[in-house]
Number of protein chains: 2
Amino acid sequence: MGDASVAEPSESRAVPRDRIAAAAVELLDAHGESGLTFRALARRLQTGPGVIQWHLANKAGLLQAATAAVLPDAMLDEDAGTPRETIRAIAVDVYDAIDAHPWLGAQLAKPPWQDTMLRIFEHIGRSIQALTPQFAAQFSATSTLLNYIIGAGSQQARTSRSETATTGRAGALAALSAQWECLNPQEWPFTRSMATQLRSHGDRDEFLAGVDLILDGLNATRREE
Amino acid sequence: MGDASVAEPSESRAVPRDRIAAAAVELLDAHGESGLTFRALARRLQTGPGVIQWHLANKAGLLQAATAAVLPDAMLDEDAGTPRETIRAIAVDVYDAIDAHPWLGAQLAKPPWQDTMLRIFEHIGRSIQALTPQFAAQFSATSTLLNYIIGAGSQQARTSRSETATTGRAGALAALSAQWECLNPQEWPFTRSMATQLRSHGDRDEFLAGVDLILDGLNATRREE
DNA sequence: ACCTGAACACCGTTCAAGT
DNA sequence: ACCTGAACACCGTTCAAGT
């Protein structure tokens with residue numbers, strides 16, 4: 001904290017985009033979305049405020065750079081045999097990324113679509129193309145999958161993150177589950193009945209069951225016509 | 001602006017929660033999420049800053065009140081015969097609400113789940129319960145539907161909102177569609193092929209096709225076991 | 001071309017003070 | 001119980017000035 005003066009003489013003063021994005025990710029991981037600040041970022045890079053704005057237009061660009069750094073294009077280049085397996089592999093990649101970086105889900109969901117989001121759309125879509133020849137069905141299935149992956153991933157990542165607390169991750173889920181069990185049965189019959197089901201929530205298998213559900217729907221639709 | 005002094009003598013100085021929520025919705029509709037400010041809200045209610053904090057704990061509570069005001073419980077109390085029709089009716093209600101209030105989508109998607117989100121979960125789940133007896137399938141289907149409805153609704157609302165611009169809503173979609181057509185065919189084969197499909201994007205039928213897809217998946221899964 | 005740091009116009013939140 | 005308004009500790013963004 002106090003020794004930020006002249007540890008390194010002056011090997012290279014340049015602050016490349018890579019380092020900015022990496023530092024932004026560190027800040028986001030450590031202190032959440034509100035922890036990412038131009039001033040905090042400049043302090044961490046041992047430079048003055050206003051430097052980042054020279055490289056990136058604004059805060060949206062900064063979040064975008066952090067997102068791209070954490071979910072690189074290569075990660076989505078899966079090819080696991082069948083289209084279904086490939087889609088599952090991509091889904092797991094995104095799931096794991098959101099799980100490791102809880103801020104990522106909200107960032108991806110935020111309209112308008114960024115490059116990263118369009119890239120996931122493209123990669124999933126290529127496999128969907130192999131499952132049905134109809135454009136309308138391809139579009140519906142791909143956007144449905146994308147919405148599910150981002151949405152469910154965000155929800156599950158949130159409960160996972162509570163593991164730093166006293167109880168651990170299983171305990172956090174148990175607590176939420178107990179909360180659902182205390183709901184008024186007259187007003188919340190369904191949610192209450194899902195309390196036990198909620199305990200298995202948050203693992204990859206649960207998540208992948210939703211992916212399979214959508215793919216089953218695509219198959220069923222195809223069969224009927 | 002200048003005549004905010006003593007138009008009304010002093011019939012009732014109380015500023016009830018209802019008026020706060022209603023004014024917040026007006027502000028959000030007019031100027032977006034960044035337009036909702038404690039100071040702007042107090043000015044609109046012709047009172048001093050700091051009043052709102054006495055009624056609502058913080059800004060999260062303010063957004064929550066606005067969300068509940070715009071998506072009341074009664075709106076979800078649909079019963080349109082079959083479970084599928086009921087679910088479609090609820091989905092359309094949420095879709096229309098997001099379309100009318102573009103800030104709503106991001107608000108609902110934001111974790112953790114608020115009362116409003118849990119209520120939609122409950123209402124959809126009750127109909128899903130009628131479609132399959134398995135708890136695991138009920139949970140998957142309900143959360144998949146919810147993620148799709150919020151996610152797809154947000155995306156579609158965004159493109160709808162561009163109608164205030166020069167071109168109108170169809171023009172905005174055409175512009176985005178043209179943008180997709182200009183993508184590199186080597187790098188973006190799928191997205192490019194969806195360019196024409198994108199034009200039909202944003203209407204209720206397109207949106208409901210995704211809901212049907214998920215319900216078809218639930219049926220198919222049930223048949224296999 | 002790249003970096004500095006002060007300045008501007010905000011923001012949410014708190015809180016003593018009034019009625 | 002309800003409202004006021006000043007004060008605090010921030011924030012993103014801009015921009016003249018340096019190297």
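Note on naming: letters A, B, ... go to the chains in the order of the sequence lines (proteins, then strands), and numbering restarts at 1 for each one. Every value quoted in this text rests on a predicted model; they were computed, and no experiment measured them.
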Discussion item. Let me check I have this right: for DNA chain C, each base becomes ., (, ), [, ] or |, based on Watson-Crick or G-U pairs with both distances under 3.5 Å. What is the full string?
Written reply: ||.|||||...|||||.||
Practice prompt. Output yes when A/K110 and B/E33 qualify as a salt bridge under the 4.0 Å nitrogen-oxygen rule, no when they do not.
Written response: no
Discussion item. Expressed as a whole number of angstroms, how long is the span from A/Q46:CD to C/dG5:P?
Written reply: 13 Å
Worksheet item: Taking only residues two or more places apart in sequence, or in another chain, which ones meet B/D73 in a side chain to side chain donor-acceptor pair (under 3.5 Å)?
Response: B/R119, B/H123
Discussion item. Just so I know, are the side chains of B/L62 and B/I20 near enough to count as touching, which here means a heavy-atom distance under 4.5 Å?
Written reply: yes
Item to complete: Any chance you could list the contact pattern along nucleotides 10-15 of chain D? Use B for base contacts, S for sugar-phosphate-only contacts and - for none, protein heavy atoms under 4.0 Å, 5' to 3'.
Response: -BBBB-
Discussion item. Is the ring pair B/F207/B/Y148 parallel, tilted or perpendicular, if the boundaries are 30 and 60 degrees?
Written reply: parallel
Worksheet entry | Spacing between A/I52 atom CD1 and C/dC3 atom P, to the nearest angstrom | 10 Å
Fill in: A/R44: partners by salt bridge (Lys or Arg N to Asp or Glu O under 4.0 Å), with sequence neighbours left out
A/E26
Discussion item. Just to verify, what does B/R39 make a salt bridge (Lys or Arg N to Asp or Glu O under 4.0 Å) with, not counting sequence neighbours?
Written reply: none
Practice prompt. Could you tell me whether the side chain of A/L71 reaches within less than 4.5 Å of the side chain of A/I120, counting heavy atoms only?
Written response: yes
Fill in: D/dA17 versus C/dC2 - spacing of their P atoms, nearest Å
22 Å
Item to complete: In whole angstrom, give the distance that lies between atom CG of A/L56 and atom P of C/dC2.
Response: 13 Å
Report, one line per pair, each donor and acceptor closer than 3.5 Å where one atom sits in a side chain of residues 173-192 of chain A; sequence neighbours left out.
residue	atom	partner	partner atom	Å
A/S177	OG	A/A195	O	2.7
A/N184	OD1	A/Q186	N	2.9
A/T191	OG1	B/E122	OE1	2.7
A/R192	NH1	A/E181	O	2.7
A/R192	NH1	A/L183	O	3.4

Fill in: Any B/H55 side-chain N or O less than 4.0 Å from OP1/OP2 of D/dC3
yes
